[in-house]
2 protein chains.
Amino acid sequence: MRDGGAEDRGPQGRGPSGRTGRRLGPSTTRAAISTAALHEFAASGYEGASVRSIGRLAGVDPALIAYFFGSKRGLFDEVTRLPIEAPQVVSLVLDGERAAVGRRLARVVLETLADARNRAAMLALLRSASHDRETATLIRLAVVGDVLMPITTALDVADAELRAELAMAQISGFIFARHIIEVDAMGASDLDRLTTALGGILQHCLTAPVGN
Amino acid sequence: MRDGGAEDRGPQGRGPSGRTGRRLGPSTTRAAISTAALHEFAASGYEGASVRSIGRLAGVDPALIAYFFGSKRGLFDEVTRLPIEAPQVVSLVLDGERAAVGRRLARVVLETLADARNRAAMLALLRSASHDRETATLIRLAVVGDVLMPITTALDVADAELRAELAMAQISGFIFARHIIEVDAMGASDLDRLTTALGGILQHCLTAPVGN
DNA sequence: GTCTATAAGCAGATAGAC
DNA sequence: GTCTATCTGCTTATAGAC
């Protein structure tokens, strides 16, 4: 993974054809940059990662990033796009008994986190939101607006908006604690246990009486 | 506040004595830097804030920061020190009926957040933890280790460590959602309502059955 | 106590050679 | 498709004038 997903290719490397110069066939450089960028953005956030560090990790000249993706921002946007359809998540969470809605939401979150690529994208977004209002707005609209608000509205509870926001707080705090602060017990717990714990809290956020 | 808390003093400004050069009496520059740094670190995190931007906000030459605080790191450490005694918080939260332990913890959090200086320090720490392992470790030790773990241990519940970590997740997520993502309903809710909502969730984290 | 000047380095972006 | 070289502007830190 350290070599960025591209085949080994030093500055003087030569392809299977034995010729020097550009490789025959489709270039793998774009994918190498993409993979390296995901790692760097996930590890350091948007500002922390540099075009140069990404190029280094991908084993590629930094100038190629501008060539393929236009700019650092263009690369970030492309690489952090989650393959998640909000309406699909909403119906998946709502479909079933009301008492397990928190658990189903927790399962979606943890299953998404289990995939290395998705986890990297989510970490990149979370880390970047701290410094980048654009990313913060994206989270507010995409997570609260498109997923959680529709869920709380459909559940027909009081304070739908506040509940959706509290659920978002718990989900982002969970990822923060587990993957950024790297607390011990969360790291050591298996998926079932975490699903139960997070599911219970989310169930409380979404449906428990909250007023006063 | 824009002038950093120091009195107006342009490059050619002169003090009440009418003389040019350094002001008589104790310097206010150190406090001006401290105030400006808190704002900048809270708004942008450790990496996002620069010595120059802090100096500009304080109306002070950036070189003075090194003079007074040794380095950028020294300034950060001094300015983000919370005036909070862990043992005091622990006993405050534990003192009273068990059914309201979550609410008392929520009140401590929200009262700390209500003070502008403390809120800035907490935001600076939260924003910086995303990029800075040193800060992340500090949070793990100080918040989970010194405050929340003692609480869950004293409550004598199962999974004390996991509960403490989940409570930390909720608290940090709450601050993240309210002050970084800036969600609507949380911003519009009054303190009582937020105390009740956060308190209910924390009560669940700390004492509700979680096992399976 | 305060400032200017400068060192040494890294950032993102781009023009143009190959 | 790839790379070298460079532009411009930023960063932290420090030496020394006043």
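Numbered from 1 within each chain, the chains take letters A, B, ... in sequence-line order.
Going from atom CZ of A:R56 over to atom C1' of D:dC3 covers 16 Å, rounded to whole Å. D:dA13 atom P lies 13 Å from atom CD1 of B:I33, rounded to whole Å. Look at CD1 on B:I54: it is 12 Å from C1' on D:dT11, rounded to the nearest Å. Spacing between atom NE2 of B:H131 and atom C1' of C:dA11 amounts to 16 Å, rounded to whole angstrom units. In this structure, the CD1 atom of B:I65 is 16 Å from the P atom of C:dG1, given to the nearest Å. As a whole-Å value, the separation of A:E40 CD from C:dG12 P is 11 Å. When rounded to the nearest whole Å, the span between CZ of A:F68 and C1' of C:dT14 equals 16 Å. With rounding to whole Å, A:E47 atom CD is found 14 Å from C:dC10 atom C1'.
Each of B:D61 and A:S50 was assigned the nucleotide of DNA chain C with the nearest heavy atom; the assignment lying further toward the 5' end belongs to B:D61. Residues A:R52 and A:Y67 both approach DNA chain D. Their nearest nucleotides, taken by heavy-atom distance, put A:Y67 toward the 5′ side.
Annotation: side chain of B:L75 is in contact with side chain of B:I54 (closest heavy-atom distance under 4.5 Å). Within the 4.5 Å cutoff, no side-chain heavy atoms of A:V144 are placed close to those of B:I181.
Nearest nucleotide to the A:L64 side chain, out of D:dA13, C:dC3, D:dC3: D:dC3. Relative to the side chain of A:A66, the nucleotides D:dA13, C:dT2, C:dT14 differ in distance, and C:dT14 lies closest. Of the candidates D:dA13, C:dT14, C:dG12, D:dA13 carries the atom nearest the B:K72 side chain, counting heavy atoms from C-beta on.
Under the 3.5 Å distance criterion, the side-chain polar atoms of B:Q170 are left unmatched by any main-chain donor or acceptor of B:L198.
In terms of phosphate contacts, A:S71 brings no side-chain nitrogen or oxygen within less than 4.0 Å of OP1 or OP2 of C:dG12.
No side-chain N or O of A:T195 forms a donor-acceptor pair with one of A:R103 less than 3.5 Å apart.
Using cut-offs of 30° and 60° on the angle between ring planes, the pair B:Y46 and B:F76 is perpendicular.
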